[in-house]
Amino acid sequence: MAALRAAGISFTRDEEAFEAGVLILRLGYPFDGRTVSLTAAFPDLYPYFRPEVVAEDLNLTRHQNPIGKHLCLIGRRTSNWLVRQTLAELLHQQLPDILKFDQTGDVDALVAVEEPIGEPASDHYNSETVPGSYVLFDSAWRIDPDARQGEFEARGRELAGGSTPIIQAVVTKVTSGGRELAAWDGPVPPELDRTFIGRWIRRDAAILGGISAVVEDLGDDEKTHLFRRGHLDRRPHTRLSAILFPEEVTHRQYADGWCVLQENIGPTPKRNGRGDSRLYRYNFVRSARAGPGDLAARMPAIASLGRKSVLIAGLGAIGAPTAISLARAGVGALTLLDHDIMEPATARRWPIGWTGFGHQKVEALRARIEMDYPWTTVRVEPWRLGAVENRLLEREPQRLRLEAALENCDLVIDATAEVGVNQFLSDLLRLRGVPYIMANATPGIWGGMVAQFLPQGPTCWMCLRHALYGSHPTMSLPPADPAGEVQPPGCAEATFTGSAFDVEEVSLEAVRMAAGVLRAEDGYPETDWDLSILRLRDDTGHRQPPRWEGMKIAPHPDCTCQNPA
């Protein structure tokens with residue numbers, strides 16, 4: 001307050017708020033012969049965090065939230081706020097440039113003082129939406145700017161959400177006068193099974209303000225087109241409409257933004273037999289960019305994963321998290337091979353809990369991936385590799401099933417921890433020219449290993465076996481708990497002990513190694529070594545920081561890969 005007085009900034013304190021423990025100041029900021037009215041509200045955790053300044057009388061196109069009227073005096077990162085700074089200093093350092101912009105409209109005058117961050121207006125609309133609602137579109141769309149209105153089709157669903165239904169949808173097609181302007185080029189989750197038909201208009205600028213201001217600003221013709229008042233369906237229902245406008249998506253770069261309106265229509269008691277008795281309520285629906293380029297923007301080094309196919313054998317504590325991580329990273333197709341059922345006791349080490357109980361692991365994972373990461377196509381192979389099968393069941397031989405599963409496969413990850421499976425897959429894939437990654441953990445998860453074998457490489461899985469277990473080993477095994485195996489009650493097999501947060505270290509390295517194999521032209525680095533050894537404990541069991549060691553596997557003179565004859 002002393003700093004405000006010294007700076008000549010008048011203020012009064014909101015006494016009612018102060019009695020409730022909140023500091024709010026009404027300010028009069030002198031600028032260019034006039035006084036600008038401001039309100040400053042201090043957070044509970046001041047001075048660690050900045051006060052918020054609101055300018056109700058200003059309508060700026062930059063550096064002001066058009067709904068709450070908050071001024072963007074400094075960037076959002078908390079590092080921009082200095083805890084010793086006073087409100088007076090913040091205003092004097094930042095506000096004059098914003099007010100000059102208000103007078104001149106010269107955006108270039110702000111270049112020297114603003115962060116190079118875009119200010120998408122849709123972000124402000126999204127702050128006023130119903131939680132859980134969204135409408136997705138693609139940033140790559142270039143909708144004809146001369147088209148001023150039209151229709152759009154969306155696939156979605158409507159969920160109960162208190163007084164306002166929750167809408168979740170993907171815009172699949174945008175048209176104008178029967179001409180298609182844009183279409184969704186991606187998957188749609190299967191639960192979005194309802195078709196919405198909405199209408200849109202184009203504006204040359206965003207409408208500043210909340211939902212009431214947006215609806216009131218529309219002209220009669222725009223309202224008639226968007227809201228179709230002549231529609232006679234008197235049942236309570238929901239309609240969608242949209243306003244397209246140019247918005248700054250990155251600093252000084254503009255593209256179409258979507259202001260999506262949800263119109264909730266319900267009946268009201270009639271006072272006479274004439275006129276429209278329906279009740280119309282409006283709210284914003286969160287609009288979000290979710291096209292292939294939007295999803296890949298945060299991970300440019302692995303953008304081409306969408307064109308890759310991976311088979312994962314073994315979906316236990318290592319293979320299942322690996323599958324989900326690859327789907328989350330955007331891999332185009334996964335084939336999941338495992339015969340096992342999800343048991344309740346495995347939930348502590350598996351990425352899916354109660355909802356997976358009793359299901360085949362491949363099916364539980366497919367359902368989760370299709371629901372959360374629909375851009376990944378999932379194929380399941382629910383059988384045990386190497387099992388003797390009853391030919392009377394008229395199933396194809398396993399060799400043929402596996403060859404079909406490997407069609408167009410770019411990589412196989414073996415997380416079975418079964419030596420027989422390791423040997424078979426490594427030999428088969430070397431002959432077929434398919435890269436092979438093996439991942440396992442030691443008992444107690446004191447350590448683990450991930451190894452890659454490339455078809456053109458000089459070594460194979462058997463070379464690694466010679467190096468680790470031969471008569472003259474040249475590599476050291478990762479540490480293992482001597483008592484790290486257990487047969488859980490009722491389980492027909494023994495398993496290793498250990499927690500998910502330790503074993504997932506192995507999964508993450510397997511995914512990183514896979515990204516290096518599949519990286520194509522994107523730039524994710526290849527793995528320059530063949531074997532990664534993890535040590536989470538020392539040989540006595542004491543915990544240590546996770547330590548990975550990468551090493552090359554030397555060709556072994558007795559290995560068949562060196563003597564194919």
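Values below: all heavy atoms of this structure, side chains included; hydrogens, waters and symmetry mates excluded. From a predicted model like this one, the values you see are computed outputs, not experimental measurements.
Residues that satisfy the side-chain hydrogen bond (donor to acceptor under 3.5 Å, both in side chains) test with Q85, not counting sequence neighbours, are Q93. Applying the side chain to side chain contact (heavy atoms under 4.5 Å, CB included) test to F49 and every residue at least two apart in sequence or in another chain returns P43, L45, T78. Partners of Y373 by ring pair (Phe, Tyr, Trp, His ring centres under 6.0 Å), not counting sequence neighbours, listed by chain and number: W375. With sequence neighbours excluded, no residue satisfies salt bridge (charged side-chain N to carboxylate O under 4.0 Å, His left out) with D294. By the salt bridge (charged side-chain N to carboxylate O under 4.0 Å, His left out) test, R399 pairs with E403, sequence neighbours left out. Partners of F424 under the side chain to side chain contact (heavy atoms under 4.5 Å, CB included) rule, at least two apart in sequence or in another chain, are L385, L402, L428. Every residue meeting the side chain to side chain contact (heavy atoms under 4.5 Å, CB included) condition with L23, not counting sequence neighbours, appears here in chain and number order: M1, R13, F18, L25, F42. The side chain to side chain contact (heavy atoms under 4.5 Å, CB included) check on P546 picks up E505, L534, L536, with sequence neighbours excluded. By the side-chain hydrogen bond (donor to acceptor under 3.5 Å, both in side chains) test, D256 is found to be paired with R202, residues two or more places apart in sequence or in another chain being considered.
Put simply, the side chain of S122 reaches to within 4.5 Å of the side chain of E247, judged on heavy atoms. Counting heavy atoms from C-beta on, the side chains of L136 and W258 never come closer than 4.5 Å.
No salt bridge links R401 with E381; every basic N to acidic carboxylate O contact stays at or beyond 4.0 Å.
Nearest heavy atoms, G330 versus T376: C-OG1, 4.4 Å. Nearest heavy-atom pair, C409 versus A405, reported as atom, atom and distance to 0.1 Å: CB-O, 4.3 Å. When all heavy atoms are compared, the tightest approach of Y254 to E248 is CD2-N, 3.5 Å. Here the closest non-hydrogen pair linking M449 and I533 is CB-CD1, 3.8 Å.
Between F453 and Y436, the two ring planes are parallel [angle under 30°; tilted spans 30° to 60°].
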Hey, can you pull the donor-acceptor pairs under 3.5 Å for the side chains in residues 154-162, sequence neighbours left out?
{"unit_1": "R155", "atom_1": "NH1", "unit_2": "T195", "atom_2": "OG1", "d": "2.5"}
{"unit_1": "R155", "atom_1": "NH2", "unit_2": "D193", "atom_2": "O", "d": "3.1"}
{"unit_1": "R157", "atom_1": "NE", "unit_2": "Q168", "atom_2": "OE1", "d": "2.8"}
{"unit_1": "R157", "atom_1": "NH2", "unit_2": "Q168", "atom_2": "OE1", "d": "2.9"}
{"unit_1": "E158", "atom_1": "OE1", "unit_2": "R194", "atom_2": "NH1", "d": "2.7"}
{"unit_1": "E158", "atom_1": "OE2", "unit_2": "T238", "atom_2": "OG1", "d": "3.3"}

Check: residues 465-483 side-chain donor-acceptor pairs under 3.5 Å, at least two apart:
{"unit_1": "D481", "atom_1": "OD1", "unit_2": "A483", "atom_2": "N", "d": "3.0"}

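At a cut-off of 3.5 Å, with distance as the only test, no side-chain donor of T164 or Q262 sits close to an acceptor on the other residue.
To the nearest 0.5 Å, the span separating CD on E363 from CG on D338 amounts to 11.5 Å.
Applying the ring pair (Phe, Tyr, Trp, His ring centres under 6.0 Å) test to residues at least two apart or on different chains, the pairs with a partner in residues 315-365 are W354-F357.
Checked by atom type and distance alone, the side chain of K552 pairs as donor or acceptor with a backbone atom of D528 at under 3.5 Å.
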> Between Y125 and V285, is a side-chain contact (heavy atoms from CB on, under 4.5 Å) present by the stated rule, with each step listed?
Replying inline: CA-CA 8 Å; Y125 300 133; V285 182; over 6 Å; no
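Applying salt bridge (Lys or Arg N to Asp or Glu O under 4.0 Å) to D123 and the options R289, R286, R76 leaves one that passes, R76.
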